[in-house]
A.B. asks: 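This is the structure I have questions about; it appears just below.
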Amino acid sequence: MTSLAHFEAVAGSLKLPGEAVIGGKTVASVSGKTFANVTPRNGRILNQVAQCDAADVDAAVASARTAFETGPWRQLHYRDKKLVLFKFAELMERDAESLAVVESLDVGKPITNALKGDIPGSINTLRYYAEALDKIYGEVGPGTPSRFSFAVHEPLGVVGAIVPWNFPLLMAMWKIAPALAMGNSVILKPAEQSPLTALKIGELALEAGLPAGVLNIVPGFGAEAGKALALHNDVDMIAFTGSGAVGKLLMQYSGQSNLKRVSLELGGKSPHIIFDDCPDLERAATEAAWGVFYNSGQVCTAGSRLLVQAGIADEFFDRLIAVARRIVAGDPLEPATTSGAMVSEEQMQTALRYIETAKQEGGALALGGSRTRVDSGGFYVEPTVFDRVTPENTIAREEVFGPVLAVTRFKEPNDAIRIANDTSYGLAAGLWTKDITLAHRAAREIRAGLVWINGWDSCDITMPFGGFKQSGFGRDRSLHALYKYADLKSVSITL
Ligand code: NAD
C-alpha cells in the first residue's frame, strides 16, 4: 500500500481544487483569472487556481459579515457548534491520505511527514478547539449592593487569516480553528505557492455543515488578495504567519484602514545550544540536525544557529555530520524520503545565495552546499553545514529558510546566552545540559517565546506558540489563541 506507486496513483486520481470558496460555494475569481500552481517535486504545473483580487475579497467579506450578523454560526448552540467542528475533523480524517498527497505535491514535503505530521496535527488542532468552545467562561466583577457586573468574551466578527507555504494546512488550522470556535467568520488567504489543502478544507467545512459564509477561502497573490483583505474596512482582525517584511506592511494597512487587530507569527533565527555537560550527545546531535533540516529548513522555528561549547565541540560536530549525511533529498512521494524539495525555485535560489555568501564570508563548508536531483526538474538543496561561523556572519543573522546550519563554538555558558540573544528575532531556542540551575537560568535569560530543554521542539497544541522581539506578537495554539479572537465586554446592571 505505502509505496511510491501507490501515492502516484492517488495523486493521479485526485481532482485538484482550483476555485475559491465564497458564500458557501466554490467559485471562479470575479476577473476569471487563474494562476499556474507548480509542484516543486518536478517543477511542473499541477493545476490552475483562481487568482482572487479585491473584488473577490469584497465578496468574501460581505458573505462573512452577513453570516456573522445574521448569526447561523455565532448564535448556534455550543453543543451543535461542537458537532459541526467534530464532523469537519472527521471528514479531514476520512480524506487524510488525499490531503497528505496534495500537501506533499504542493510543498514538496515528504509524504510520510504530511501523513504523520501536517494532517493529523491539523485534525488534532481542530478537535482541541472544538472541545474548548463550551469551556469559555466570563468573569463576575466585585459589584456593589446596587450593581451587578460581569465580563463576557465576544467574537470579533470577521477574521482574515493570511498564511505561508511551509505548513499550509497546519498554519491555517492554527488560526481558523480557534477563530471559528470563538464564533467568528473567517476568510483564509493561503500562500500562492501552496493553496490546495486550504481550498480542499473549505469544501470539507461546507460538507460538515458549517453555514455559508462562515469560512471563505480566497487564493491569490499577497499583493492582490492579501493586501485587499488587510486593507478592508470591514475586517476586524488579521491573523498572520509569514515574513517580518509583510508583517510590517500589515500593521501599516491596519493604520491606513480601520485599525483592525493584527497578530503576527514571524520568522526566527533560533539558537540551539549544546553545553559541555549535554546528557546525551547522540540524541542532541540527531535533534540538532533534524531541528534545522526538517521540511528542508523551511520552518520558522528552525534551529539554524547551533552553538556548541568548546569541550565537546569536535565530538559533537562529528556526530552531527554523521546524522546529516544520512539525510538525502528524495522524491516527496516516496515513503522512505525524509527530505524533499524546497517550495519553489525562488526559495531554492535564496538558499543557494546564502550558501555562497557564507563561503565568501569565510564559513567552513563541512557538508552539502549544492542543488541536488537537478534531473528531476524539482527544487532540491543538500543539507548544508557551515562550521566556525561567527555571530557577525550573514548566515548567523538572517533567516535562510532553507537547509543551512551555522555552527558557532563558544567557551562559557554566558557567551552562549549572549550570542543567543544577539538577534532581532526571538521565536524559539533549545539547550542541552544536565545542570538544572544552568538550564533554568538560560531558559529565563534567553529572549524567545519558546524554550526547549534537552529535546528540540518538545511541545504541542496545549502550549502557546509565538515570538518575542521581531518574531511577532500574539500566540497561536493553547487557550491563549482562542481568546485572541475575542473582545472582552463589561456589562453592568444597576439593580
Ligand atoms: P510571506 O510573508 O512572503 O508570505 C506569507 C503570506 O503573506 C502569503 O500568503 C503571502 O501571499 C502573503 N502576503 C505577501 N505579501 C502580502 C501583502 N503585501 N499583503 C498581505 N499579504 C501578503 O512569507 P513566506 O515567504 O510565504 O513564508 C516564509 C516566512 O514566514 C519566513 O520568514 C518564516 O519564518 C515565516 N514563518 C513564520 C512562522 C511562525 O509561526 N512564526 C511559520 C511559518 C513561516
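Because the structure is a prediction, the values reported are computed rather than measured. FYI, the numbering just counts along the sequence from 1.
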A.B. asks: Could you tell me whether a side-chain N or O of Ser254 sits under 3.5 Å from a main-chain N or O of Lys260, the two making a donor and an acceptor?
C.D. replies: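 Looks like yes, one N/O pair under 3.5 Å.
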A.B. asks: Side chain of Arg319, backbone of Ala284: donor and acceptor closer than 3.5 Å?
C.D. replies: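 No, Arg319 side chain to Ala284 backbone: no donor-acceptor pair under 3.5 Å.
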A.B. asks: Applying side-chain hydrogen bond (donor to acceptor under 3.5 Å, both in side chains), name anything that partners Glu345, two or more places apart in sequence or on another chain.
C.D. replies: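 For Glu345 there are no side-chain hydrogen bond (donor to acceptor under 3.5 Å, both in side chains) partners, ignoring immediate neighbours.
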A.B. asks: Any donor-acceptor pair under 3.5 Å linking the side chain of Asn184 with the backbone of Val159?
C.D. replies: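 A pair under 3.5 Å: no.
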A.B. asks: How far does CD of Glu282 sit from CD of Glu315, to the nearest 0.5 angstrom?
C.D. replies: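 One gets 9.0 Å once the value is rounded to the nearest 0.5 Å.
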A.B. asks: Is the number of heavy atoms from other residues, nucleotides or ligands within 6.0 Å of CZ (Arg371) greater than 12?
C.D. replies: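 Result for CZ/Arg371: enclosed.
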A.B. asks: Would you check if there is a donor-acceptor pair between the side chains of Thr462 and Asp460 at a distance under 3.5 Å?
C.D. replies: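 Result is yes, a qualifying pair exists.
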A.B. asks: Backbone N or O of Gly291 within a donor-acceptor pair of the Asp457 side chain at under 3.5 Å?
C.D. replies: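 Not confirmed, Asp457 side chain does not pair with Gly291 backbone.
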A.B. asks: Are a donor atom and an acceptor atom from the side chains of Trp452 and His272 found within less than 3.5 Å of each other?
C.D. replies: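 No pair is found: no donor N or O on one side chain lies under 3.5 Å from an acceptor on the other.
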A.B. asks: Tell me, which pairs form a ring pair (Phe, Tyr, Trp, His ring centres under 6.0 Å) where one or both residues lie in residues 377-408, sequence neighbours left out?
C.D. replies: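 Pairs touching residues 377-408 that pass the test: Trp165-Phe401.
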A.B. asks: A side-chain contact here means heavy atoms from C-beta on lying under 4.5 Å apart; do Ile395 and Thr357 qualify?
C.D. replies: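 No - every pair of side-chain heavy atoms lies 4.5 Å or more apart.
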A.B. asks: Could you measure the distance from the CG atom of Leu199 to the CG atom of Leu204? Nearest 0.5 Å is fine.
C.D. replies: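 Spacing of CG (Leu199) from CG (Leu204) equals 11.0 Å.
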A.B. asks: Evaluate whether atom NE2 of His480 has more than 12 neighbouring non-hydrogen atoms of other residues, nucleotides or ligands under 6.0 angstrom away.
C.D. replies: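 No - once you tally the heavy atoms of other residues, nucleotides and ligands closer than 6.0 Å, there are 12 at most.
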A.B. asks: I'd like to know whether NZ of Lys227 has more than 12 heavy-atom contacts from other residues, nucleotides or ligands below 6.0 angstrom.
C.D. replies: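 Not more than 12 within 6.0 Å, no.
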A.B. asks: Output yes when a side-chain donor or acceptor of Asp118 lies under 3.5 Å from a complementary backbone atom of Leu170, and no otherwise.
C.D. replies: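 No.
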A.B. asks: Is any side-chain heavy atom of Leu169 closer than 4.5 Å to one of Ile119?
C.D. replies: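 Side-chain contact under 4.5 Å: yes.
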A.B. asks: From Thr2 OG1 over to Leu115 CG, what is the distance, rounded to the nearest 0.5 angstrom?
C.D. replies: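 CG of Leu115 is found 9.0 Å from OG1 of Thr2.
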A.B. asks: Contact between Arg261 and Leu156 at the side-chain level, heavy atoms closer than 4.5 Å - yes or no?
C.D. replies: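 Counting from C-beta outward, Arg261 and Leu156 do come under 4.5 Å.
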A.B. asks: Without swapping roles, check the side chain of Thr337 against the backbone of Leu333 for a donor-acceptor pair under 3.5 Å.
C.D. replies: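 No: the side chain of Thr337 does not pair with the backbone of Leu333.
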A.B. asks: Does Pro110 reach the side chain of Thr338, with side-chain heavy atoms less than 4.5 Å apart?
C.D. replies: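 Sidechains of Thr338 and Pro110: no contact.
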A.B. asks: Under 3.5 Å, which donor-acceptor pairs link side chains of residues 293-302 to any protein atom two or more places apart or in another chain?
C.D. replies:
from   : atom 1 : to     : atom 2 : distance (Å)
Asn295 : OD1    : Lys109 : NZ     : 3.4
Asn295 : ND2    : Asn166 : O      : 3.1
Asn295 : ND2    : Gln298 : O      : 3.2
Ser296 : OG     : Gly340 : O      : 3.4
Gln298 : OE1    : Val343 : N      : 2.9
Gln298 : NE2    : Asn295 : O      : 3.1

A.B. asks: Mind checking side-chain hydrogen bond (donor to acceptor under 3.5 Å, both in side chains) for Glu334 and listing every partner two or more places apart, or none if nothing turns up?
C.D. replies: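 Residues passing side-chain hydrogen bond (donor to acceptor under 3.5 Å, both in side chains) with Glu334: none at all.
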A.B. asks: Between the main-chain N or O of Leu405 and the side-chain N or O of Ser304, is there a donor-acceptor pair closer than 3.5 Å?
C.D. replies: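 No, Ser304 side chain to Leu405 backbone: no donor-acceptor pair under 3.5 Å.
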A.B. asks: Using only heavy-atom distances, determine whether the side chains of Glu103 and Thr197 contain a donor-acceptor pair under 3.5 Å.
C.D. replies: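 Checked: Glu103/Thr197 side chains pair up, N/O donor to acceptor below 3.5 Å.
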A.B. asks: Side chains of Lys484 and Asp476: does their closest heavy-atom pair fall under 4.5 Å?
C.D. replies: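 They are in contact (side-chain heavy atoms under 4.5 Å apart), so the answer is yes.
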A.B. asks: Kindly say whether Gly378 contributes a backbone atom to a donor-acceptor pair with the side chain of Ser376 at under 3.5 angstrom?
C.D. replies: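 Yes; at least one donor-acceptor contact below 3.5 Å.
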A.B. asks: Should the pair Glu412-Arg418 be classified as a salt bridge under the 4.0 Å nitrogen-to-oxygen rule?
C.D. replies: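 Between Arg418 and Glu412 there is no salt bridge, as every charged N stays at least 4.0 Å from the carboxylate O atoms.
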A.B. asks: Counting distance only, does the side-chain N/O of Asp487 pair as donor-acceptor with the main-chain N or O of Glu154 below 3.5 Å?
C.D. replies: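 No, because the side chain of Asp487 does not come within donor-acceptor range (under 3.5 Å) of the backbone of Glu154.
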A.B. asks: Is there a donor-acceptor pair closer than 3.5 Å between any side-chain N or O of Lys359 and the backbone N or O of Gly369?
C.D. replies: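 No: the side chain of Lys359 does not pair with the backbone of Gly369.
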A.B. asks: Counting only heavy atoms not in Arg44, do more than 12 fall under 6.0 Å of its CZ?
C.D. replies: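 No - once you tally the heavy atoms of other residues, nucleotides and ligands closer than 6.0 Å, there are 12 at most.
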A.B. asks: Run the salt bridge (charged side-chain N to carboxylate O under 4.0 Å, His left out) test against Glu131 and tell me which residues pass, sequence neighbours left out.
C.D. replies: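 Not a single residue meets the salt bridge (charged side-chain N to carboxylate O under 4.0 Å, His left out) criterion with Glu131.
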A.B. asks: Just verifying a value: how many Å separate Leu365 CG and Ile355 CD1, rounded to the nearest 0.5 Å?
C.D. replies: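 So the gap between those two atoms works out to 8.0 Å.
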A.B. asks: Would you sort out whether Asn42 and Arg373 count as a side-chain hydrogen bond (donor to acceptor under 3.5 Å, both in side chains), showing the intermediate values?
C.D. replies: CA-CA 9 Å; Asn42 52 25; Arg373 304 194 81 240; over 6 Å; no
A.B. asks: Would you check if Ile436 and Leu438 make a side-chain contact, meaning some heavy-atom pair closer than 4.5 Å?
C.D. replies: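 No, side chains not in contact.
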A.B. asks: Apply ring-ring contact (aromatic ring centres under 6.0 Å, His included) to residues Trp174 and Phe465 and explain how you reach the verdict.
C.D. replies: CA-CA 10 Å; Trp174 281 7; Phe465 182 102; 4.7 Å; yes
A.B. asks: Just jot down the salt bridge (charged side-chain N to carboxylate O under 4.0 Å, His left out) partners of Lys434, sequence neighbours excluded, or say none.
C.D. replies: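 Expected list: none.
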A.B. asks: State, yes or no, whether a side-chain contact exists between Arg477 and Pro464 at a heavy-atom distance under 4.5 Å.
C.D. replies: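 Arg477 vs Pro464: side chains apart.
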A.B. asks: Going by side-chain hydrogen bond (donor to acceptor under 3.5 Å, both in side chains), name the residues that satisfy it together with Arg41, two or more places apart in sequence or in a different chain.
C.D. replies: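 Partners of Arg41 by the side-chain hydrogen bond (donor to acceptor under 3.5 Å, both in side chains) criterion, ordered by chain and then number, come out as Glu8, Asp331.
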A.B. asks: Flag yes if more than 12 heavy atoms outside Glu346 fall under 6.0 Å of its CD atom; otherwise flag no.
C.D. replies: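 12 or below, so no.
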A.B. asks: Would you kindly say whether Asp106 and Asn37 are connected by a side-chain donor-acceptor distance under 3.5 Å?
C.D. replies: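 Yes - a donor-acceptor pair under 3.5 Å links their side chains.
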A.B. asks: Quick one: does Leu488's side chain get under 4.5 Å of Tyr483's, heavy atoms only?
C.D. replies: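 With C-beta onward as the side chain, the pair stays apart.
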A.B. asks: For Gln193, enumerate each residue passing the side-chain hydrogen bond (donor to acceptor under 3.5 Å, both in side chains) test, keeping only those at least two apart in sequence or located in another chain.
C.D. replies: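 If we apply the side-chain hydrogen bond (donor to acceptor under 3.5 Å, both in side chains) test to Gln193, skipping adjacent residues, there are no hits.
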A.B. asks: Salt bridge (charged side-chain N to carboxylate O under 4.0 Å, His left out) with Arg353: which residues, sequence neighbours excluded?
C.D. replies: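 Partners of Arg353 under the salt bridge (charged side-chain N to carboxylate O under 4.0 Å, His left out) test: none.
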A.B. asks: I need the full list of side chain to side chain donor-acceptor pair (under 3.5 Å) pairs touching residues 383-407, with sequence neighbours left out, sorted by first then second residue.
C.D. replies: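 Side chain to side chain donor-acceptor pair (under 3.5 Å) check on residues 383-407 returns Tyr354-Glu398, Glu361-Thr394, Asp387-Arg409, Thr390-Glu392, Thr390-Asn393, Arg397-Asp422.
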A.B. asks: To the nearest 0.5 Å, tell me how far Thr125 OG1 sits from Tyr129 OH.
C.D. replies: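 So the gap between those two atoms works out to 7.0 Å.
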A.B. asks: Kindly indicate, with the supporting measurements, whether the criterion ring-ring contact (aromatic ring centres under 6.0 Å, His included) is fulfilled by Phe316 and Phe275.
C.D. replies: CA-CA 10 Å; Phe316 187 82; Phe275 290 108; over 10 Å; no
A.B. asks: Under the side chain to side chain contact (heavy atoms under 4.5 Å, CB included) test, which residues partner Ser471, sequence neighbours left out?
C.D. replies: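 With neighbours one apart ignored, the set is Tyr425, Leu427.
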A.B. asks: Can you list the residues that meet the ring pair (Phe, Tyr, Trp, His ring centres under 6.0 Å) rule with Phe86, with sequence neighbours excluded?
C.D. replies: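 Counting only residues at least two positions away or on another chain, Phe86 forms no ring pair (Phe, Tyr, Trp, His ring centres under 6.0 Å).
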A.B. asks: For the atom pair CD1 (Ile201) and CG (Leu99), what is the distance rounded to the nearest 0.5 Å?
C.D. replies: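 So the gap between those two atoms works out to 8.5 Å.
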A.B. asks: Can you find a side-chain donor-acceptor pair between Thr241 and Lys175 that sits under 3.5 Å?
C.D. replies: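 Result is yes, a qualifying pair exists.
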